[in-house]
Every structure is written in C-alpha cells, then in structure tokens.
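The next block holds one structure in the form of structure tokens; read it before the comments.
Numbers here are sequence positions counted from 1.
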Amino acid sequence: MNETAGIESTGLATLRQEIDRIDLELHRGLMQRGEIIDRLIAVKARQGGGSAFRPGREAEMMRRLVERHRGLLPLDTVEGIWRIIISTFTFVQANYSVHVDVSGGDPPMRDSARFHFGFTVPYVPHNGAAGVIEAVRRSPGDLGLVRIGASAADGAWWSGLTDGQAPKIIARLPFVERPDHPAGLPVFVVSKPVEDAAAREAILSAVQVERWCDALPALIAEAGGEIIGNAPHGVGLSLLLAISGPNAGAAGERLRSLPGATRVAEVGSHAARFDAASRDSHADALSRSA
C-alpha cells in the first residue's frame, strides 16, 4: 500500500468512526425521549389523563424542521423520520388505530397513513367517510383519515361531525405541502375533540343553505373562506367551508350572514397550511440579495 492510499484509508476510517458516534448519539437521544415520555405518561395519569394528540404542536414541529433543514439528506427522508418518531411515541402513550376511507383507492391513502403514522399503528380500511367517522366515534381514541374532496358517493360526510360530542377534524395533512411529496394526498384527520390541543388557524364549518346561488363563492371568498366540499343534504345543500387567517375567529358570525343559510356548525379546525416551495423561494430570494 502506498503512502497516499494509507492516508485515504485512515481518513475513511475516521469518517466512519464519526458516523458511528453520531448514530450512537441519535439512539441515546431517542432512548432519552422515551424516558421523558414515560414521565409524561405518569404526570398525565395523576392529572386525570388527556389526549396524546397535539395537532397544533405537531404542525409547528414540522414547520420548524423544514425551516432549519439543510444539506444532503432529502427533506422527504427527514420528515418521514420525524413523523415516525412522533406518531410512535404517541402510540406508546395511548394505543390507537388509524381508520381510513379507501373508497377512492387504497394505495394513496395507505401511503399517507404509513408516512404520517408509521407501521406500528394499526391501519383499518373503510369503504367511505361515514364508516371512518363512526369507527372514530365508537373508539376510545382512534384517528380517521378522510380525503379532501372525498367521493361524491359519500355525500355531505362532514354532517356526521356537527353534533357537539361528534368527532371533529383536528388536522390537515401533509403538514408540509410540496408538489413532489411522497404522501401528498390532501387528507383531513378526524378525532374525538381535542380542545386543549387544537390548532385554530383555520376553522372548518358545515353550512346548510336552502339552495345554491352563483354569488356564494364570491361571498364566501369575501368572508376569507373557501369551499372545500358541497353536496345535497336534506331539503337543501350542505357546504364544507374553511376560513383562515384573521377572519377565522369570527367564522360563525360571517357564515350565518350568507344568503339562504339555515344552519352553521363548526366541525373542526387545523393549523395554517405550510408550503415548502414558498419557503424555498423565500430563502433563494434572501440568498440572492445577500
């Protein structure tokens, strides 16, 4: 072996030792996280329990992850790792299953469930959103996934969320949106209400109107909202609307003023949508101006 080859071999060995050291630190960090979760479980038990799901906190964690991420490791990979860590430790706190509406096809829903909740959490398929909502309602603490823009055959599925004690929408996935997301199908997460942990940057409401009128989209947009879904319901039409930003707090009042509105019921909320492409564009602009 010549001198150059020996130096390169020594350099490679040193780099591999660094990788081993980092791997050990990562594993120790995960075990330490587990110890803290164990203490958290004990504290919650003394305080009378509480939901293990913190959708607002999870959304904020994923935003911070994306904002600080740099380097060779693909964003898909680092996001997937963190989703597995978060969802698995949540599962450790309180075992749960994920009920999924596969009426529009199983593969994209399975991709979404596995990417966001990992392989430890049981995956339970249902042929329709109504079945998912009913399963969540009967469970002690399961989650449901319903496609945004679900099958027309489901009708106004969100009407099953209007009663006070009914399940509610607690999140919109993916938390980090981008065109090439490996689990980019837009879905709502349905759960029993988690008021103390809810993110309320976007308010979702079911609005019953007597009939459709062409002015509705413009009026809803003026109120700061968008139509997520609409379907016949009863003797009229049911709309699923989202109001975001500064208008979210007054969503109910604004929607009750819509022409022909006969009932307005809040059916959930979620964190503001976060577009990774917008972040990258902003970072590029800052780099160019530096």
Side-chain angles (χ1 to χ4, degrees), residues 22-41 44 50-66 68-69 73-102 104-126 131-133 135-136 139-148 167 169-178 180-192 194 197-199 270-271 274 276:
I22 292 169
D23 287 347
L24 178 60
E25 290 176 358
L26 286 171
H27 191 198
R28 283 175 174 165
L30 287 173
M31 290 188 290
Q32 289 170 359
R33 196 182 200 277
E35 291 170 0
I36 294 172
I37 293 295
D38 197 32
R39 287 155 51 193
L40 179 66
I41 293 170
K44 282 188 174 182
S51 174
F53 301 106
R54 320 299 292 181
R57 175 170 164 76
E58 288 190 21
E60 182 59 30
M61 289 172 68
M62 302 316 296
R63 291 178 195 173
R64 292 200 305 265
L65 179 73
V66 171
R68 70 175 178 252
H69 184 63
L73 187 65
L75 179 57
D76 293 343
T77 302
V78 72
E79 185 185 0
I81 290 170
W82 250 258
R83 288 306 314 156
I84 289 174
I85 291 172
I86 293 168
S87 61
T88 302
F89 277 116
T90 301
F91 183 79
V92 169
Q93 292 182 63
N95 289 7
Y96 67 98
S97 297
V98 175
H99 300 268
V100 181
D101 172 16
V102 298
D106 180 79
M109 294 299 290
R110 189 176 292 269
D111 286 347
S112 180
R114 291 312 186 202
F115 182 89
H116 293 104
F117 300 103
F119 289 84
T120 302
V121 178
Y123 173 94
V124 185
H126 297 264
V132 170
I133 293 169
V136 171
S139 74
D142 289 354
L143 296 182
L145 295 186
V146 179
R147 288 171 297 116
I148 298 175
I169 294 166
I170 63 166
R172 176 180 175 132
L173 300 178
F175 285 122
V176 179
E177 300 179 10
R178 52 190 184 276
D180 57 349
H181 199 294
L185 181 72
V187 298
F188 284 134
V189 181
V190 176
S191 164
K192 287 186 174 175
V194 290
H270 60 76
F274 184 84

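- We find the NE2-NE2 distance between H126 and H99 to be 5.0 Å, quoted to the nearest 0.5 Å.
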Between V176 and R63, is a side chain to side chain contact (heavy atoms under 4.5 Å, CB included) present by the stated rule, with each step listed?
CA-CA 7 Å; V176 179; R63 291 178 195 173; 5.7 Å; no
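- A salt bridge is defined here as a Lys NZ or Arg NE, NH1 or NH2 lying under 4.0 Å from an Asp or Glu carboxylate O, and R54 with E60 fails to meet this definition.
- At least one side-chain heavy atom of D101 sits under 4.5 Å from a side-chain heavy atom of R147.
- Panel note: side chain K192, backbone S139; a donor-acceptor pair is recorded below 3.5 Å.
- Separating the CD1 atom in I37 from the CD atom in Q93 is a distance of 4.5 Å, to the nearest 0.5 Å.
- Under the 6.0 Å distance and 45° angle rule, R110 counts as a cation-pi partner of Y123.
- In this structure, S87 and H116 have side chains that are not in contact, with every pair of non-hydrogen atoms separated by 4.5 Å or more.
- A heavy-atom distance below 4.5 Å is found between the side chains of V66 and L75.
- To the nearest 0.5 Å, atoms CD1 (I36) and CE (M31) are separated by 13.0 Å.
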Audit row: V189, R172, side chain to side chain contact (heavy atoms under 4.5 Å, CB included) steps and yes/no
CA-CA 6 Å; V189 181; R172 176 180 175 132; over 6 Å; no
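- Under 3.5 Å, the side chains of H69 and E79 contain no donor-acceptor pair of N or O atoms.
- Using modelled atom types, one side-chain atom of T90 and one backbone atom of I86 make a donor-acceptor pair closer than 3.5 Å.
- Taking CZ of R64 as the start and CZ of F274 as the end, the distance is 11.5 Å to the nearest 0.5 Å.
- Under the 4.5 Å side-chain criterion, counting only non-hydrogen atoms from C-beta, P182 is not in contact with D111.
- Considering only heavy atoms from C-beta on, V78 comes within 4.5 Å of L65 through its side chain.
- Looking at D142, its side chain never comes within 3.5 Å of a backbone N or O of V136 through a donor-acceptor pair.
- Pairing each heavy atom of G144 with each of V132, the nearest pair is CA-CG1, 3.5 Å.
- Rounded to the nearest 0.5 angstrom, I148 CD1 and L185 CG are separated by 8.0 Å.
- Counting heavy atoms from C-beta on, the side chains of F91 and P122 come closer than 4.5 Å.
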Should L145 and V98 be marked as a side chain to side chain contact (heavy atoms under 4.5 Å, CB included) after you check the CA-CA gap, both sets of side-chain angles, and the distance that decides it?
CA-CA 7 Å; L145 295 186; V98 175; 3.8 Å; yes
Taking it one step at a time, do F117 and L143 satisfy side chain to side chain contact (heavy atoms under 4.5 Å, CB included)?
CA-CA 10 Å; F117 300 103; L143 296 182; 3.6 Å; yes
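- In plain terms, the two heavy atoms of A271 and A59 that are nearest each other are CB-CB, 3.5 Å.
- Side-chain contact between E58 and F175 is present, with at least one heavy-atom pair separated by less than 4.5 Å.
- The environment of R57 atom CZ is sparse: at most 12 non-hydrogen atoms of other residues, nucleotides or ligands sit within 6.0 angstrom.
- Between I133 and P167 the shortest heavy-atom distance is O-CG, 3.8 Å.
- Using the six-membered ring where Trp is involved, Y96 and F53 have ring planes that are perpendicular, over 60° apart on the 30 and 60° scheme.
- Between the CD1 atom in I85 and the CE atom in M61 there is a gap of 8.5 Å [rounded to 0.5 Å].
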